[in-house]
Amino acid sequence: AYPSYGPSEEELNCLQTSSSSLQSKLDQLTSFAAANDRKGFVENFVPLALTPEDTQGYLEDLTTADEADGQWRNLISEIAAIAAGEGGDNI
């Protein structure tokens, strides 16, 4: 497997979905990613029904766990790819 270095500028600057609410959410998440704001990203990414403890645990997975940096880079790369419409015919 190849290492991920996060989203490219092209991925961060694309508009690929016809749903304005979905694109807005994807833009918001990629903004958190571009700012390396893991807390803001997690707070806006996890399901609302997730307990505060589980949300905090997920944040810790992305900030302090042994593989945190790799998990973070891979996650934000996937979100950026979705926002850019990569790997799919449509969103």
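Throughout, residue positions are numbered sequentially from 1 according to the sequence presented. Hydrogens, waters and symmetry mates are skipped; everything else that's a heavy atom, side chains included, is used. Fair warning: this is a prediction, and the values are worked out from it, not measured in the lab.
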Nearest atoms (heavy-atom pairs only) where [X] meets [Y]:
X	Y	result
Leu62	Leu75	CD1-CD2, 3.9 Å
Thr55	Leu50	OG1-CD2, 3.6 Å
Thr30	Ala80	CG2-CA, 4.0 Å

Checking Thr64 now: which residues fulfil side-chain contact (heavy atoms from CB on, under 4.5 Å) with it, not counting sequence neighbours?
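side-chain contact (heavy atoms from CB on, under 4.5 Å) check on Thr64 returns Glu60.
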Intermediate values then yes/no, side chain to side chain contact (heavy atoms under 4.5 Å, CB included), Phe41 and Asn36
CA-CA 9 Å; Phe41 183 95; Asn36 198 32; over 6 Å; no
Salt bridge (Lys or Arg N to Asp or Glu O under 4.0 Å) with Asp37: which residues, sequence neighbours excluded?
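Asp37 satisfies salt bridge (Lys or Arg N to Asp or Glu O under 4.0 Å) with no residue once adjacent residues are dropped.
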Those residues at least two apart in sequence (or on a different chain) that pass salt bridge (Lys or Arg N to Asp or Glu O under 4.0 Å) with Glu78 are none
Sub-3.5 Å donor-acceptor pair from the side chain of Thr63 to the main-chain atoms of Leu59, do we have one?
yes
Between the main-chain N or O of Phe45 and the side-chain N or O of Lys25, is there a donor-acceptor pair closer than 3.5 Å?
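No, the answer is negative, given that no donor and acceptor are paired below the 3.5 Å cut-off.
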Salt bridge or not for Asp61 and Arg38, using N-O below 4.0 Å?
no
Distance check, rounded to the nearest 0.5 Å: Leu29 atom CG versus Ser24 atom OG?
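Separation between the atoms: 9.5 Å.
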Could you grab the distance from atom CD1 of Ile76 to atom CD1 of Ile79, nearest 0.5 Å is fine?
10.0 Å
If you look only at pairs with a residue in residues 49-71, which of them pass as a ring pair (Phe, Tyr, Trp, His ring centres under 6.0 Å), with sequence neighbours excluded?
none
Qualifying salt bridge (charged side-chain N to carboxylate O under 4.0 Å, His left out) pairs, either residue in residues 40-56, two or more places apart:
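Qualifying pairs: Lys39-Glu43.
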If the condition is ring-ring contact (aromatic ring centres under 6.0 Å, His included), which residues does Phe32 pass it with, not counting sequence neighbours?
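Phe32: no ring-ring contact (aromatic ring centres under 6.0 Å, His included) contacts found.
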